[in-house]
Amino acid sequence: MLNVEGENKLYMNNVTIISSEKNWLEQNAVNQLNQISNLPGVVRAIGLPDLHPGKTPVGAAIITEGIIYPHLVGNDIGCGMSMFMTEIEKRKVKVDRLIKTLERIGNLKEIALPETGDENLSLSLLGERPSPLGASLGTIGGGNHFAELQEVETIFAEEKFRSLGFDKNQIMLLIHSGSRGYGQTILDESIRVYSAQNGLSQSSEAAKEYLSKHNDAVNWASLSRDLIAYRILKAFGVSPQTTKLIDCCHNSVSVKESDSKLLYIHRKGASPADQGAVIIPGSRGSLTYLVMPKDNTEISGYSLAHGAGRKWERSMCRSRLENKYTKESIKSTKLKGRVVCNDTNLLFEEAAEAYKNIDTVIQSLIDFELINVIATFKPILTYKA
DNA sequence: ATGTCC
């Protein structure tokens with residue numbers, strides 16, 4: 001896609017779209033990004049190749065100076081992807097048994113959380129968590145959130161793969177979850193008390209308070225992913241002392257110093273490209289990519305895609321797929337993966353067909369010289385609460 | 001997205 005001059009101009013001068021020709025993008029999302037690029041303080045707005053429309057566009061990095069916009073991060077502050085290596089050996093995994101276990105437990109809440117003080121887990125927040133929210137800590141949530149067992153498909157950079165701690169013989173557990181109701185209350189309050197939809201001046205009390213609570217939510221969400229992994233592995237009867245290899249948050253605002261300027265990078269469905277290796281899953285029916293960002297990702301707002309990006313609206317999925325699948329047959333993917341989910345609507349909404357092709361999204365990142373691919377993984381069991 | 005909204 002090119003920046004077309006004149007009447008047919010597709011996007012504004014301070015908007016960058018990271019997308020190659022083959023990668024389809026919804027014009028609606030680009031329009032949303034154009035709008036945001038005109039907000040006071042916005043220096044640049046970047047659309048990643050998984051850009052799609054939302055309340056504010058998803059798959060976007062918005063760089064501001066002097067002002068913070070909580071609504072550009074959204075309600076699910078701290079949402080992200082964590083990948084754990086499990087004790088389960090690839091050649092020994094018994095998927096049918098694991099499915100039965102997940103169906104039997106029904107709800108992760110039934111599995112006790114570890115005690116505070118367990119030095120193997122980062123549980124410092126456990127003792128001081130806000131009490132109304134304690135119940136949702138360590139639960140997956142809805143929408144596109146999931147827990148997924150994956151096996152290594154292809155290794156492209158053997159040495160890097162091993163140096164990150166990966167072992168091709170072990171099953172990985174990928175958790176996509178966020179801050180549940182906690183982030184929501186933080187966003188709501190910033191809007192109710194400080195009219196944050198108009199932005200918060202960086203020097204204001206409001207901005208300091210938002211950033212402080214935002215950081216709590218980022219930590220809370222990361223811990224919650226740890227605890228989801230803990231509970232699932234405990235249910236499986238294997239060691240729940242996980243080895244976390246990747247933890248990348250795709251909804252947050254982070255401060256970056258560039259040419260002695262203080263930039264606020266708002267990421268909404270955008271992975272950081274300046275914090276080490278990144279995991280970018282496709283749908284449950286396609287591969288997950290482990291990638292290493294290259295050194296200079298300034299062009300993409302120091303950000304990468306966070307997934308494949310939706311292709312279909314949720315409301316369209318069931319009617320479009322009802323003739324193709326039954327509510328049982330949709331629980332198997334074309335990569336021979338299996339799905340445990342007791343919400344039939346959600347099964348259709350999160351079908352592989354509802355998402356764009358991850359390979360094309362990744363190719364856009366390669367074309368813009370943003371990443372090297374380290375390895376791919378194949379989903380073998382997707383669990384949605 | 002949400003112990004979400006009907």
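By convention in this document, chain letters (A, B, ...) are assigned in the order of the sequence lines, proteins followed by strands, and residues within each chain are numbered from 1. None of the values given here were measured: they were computed from a predicted structure.
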TODO: Quick one: label A:Gly74 by what it contacts on the DNA or RNA (base, sugar-phosphate, nothing), any heavy atom closer than 4.0 Å.
DONE: nothing
- [ ] Using a heavy-atom cut-off of under 4.0 Å over every strand shown, decide if A:Gly141 touches base, sugar-phosphate, or nothing.
- [x] sugar-phosphate
TODO: Taking the side chain as every heavy atom from C-beta outward, state whether A:Leu164 and A:Leu290 have any atom pair closer than 4.5 Å.
DONE: yes
- [ ] Scan A:Asn144 against the nucleic acid and name what it touches under 4.0 Å (heavy atoms): base, sugar-phosphate only, or nothing.
- [x] sugar-phosphate
Open item on the list: What is the separation between atom NZ on A:Lys55 and atom P on B:dT4, rounded to the nearest whole Å?
Closed with: 15 Å
Open item on the list: So, does A:Arg180 get its side chain near the phosphate of B:dG3, meaning an N or O under 4.0 Å from OP1 or OP2?
Closed with: yes
Open item on the list: Can you measure A:Glu349 atom CD to B:dA1 atom C1' for me and round it to whole angstrom units?
Closed with: 12 Å
Task: Atom-pair distance (CD1 on A:Ile186; P on B:dT2), nearest Å - done: 14 Å
TODO: For A:Glu189 and A:Tyr194, test the side chains for any donor-to-acceptor distance below 3.5 angstrom and give the result as yes or no.
DONE: no
Task: N/O donor-acceptor pair, side chain A:Asn75 with base B:dA1, under 3.5 angstrom - done: yes
Open item on the list: Please determine whether the number of non-hydrogen atoms from other residues, nucleotides or ligands lying under 6.0 Å from atom CD of A:Glu369 exceeds 12.
Closed with: no
TODO: Starting at atom CZ of A:Arg225, determine the distance to atom C1' of B:dA1, rounded to an integer number of angstrom.
DONE: 14 Å
TODO: May I have the distance from A:His176 (atom NE2) to B:dT2 (atom C1'), rounded to whole angstrom?
DONE: 14 Å
TODO: Tell me what A:Gly142 touches on the nucleic acid: a base, only sugar-phosphate, or nothing, going by heavy atoms under 4.0 Å.
DONE: sugar-phosphate
Open item on the list: A side-chain contact here means heavy atoms from C-beta on lying under 4.5 Å apart; do A:Leu287 and A:Lys378 qualify?
Closed with: yes
- [ ] Please state how far atom CG in A:Leu187 lies from atom P in B:dT2, giving the value in whole angstrom units.
- [x] 14 Å
TODO: In whole angstrom, give the distance that lies between atom CH2 of A:Trp220 and atom P of B:dT2.
DONE: 10 Å
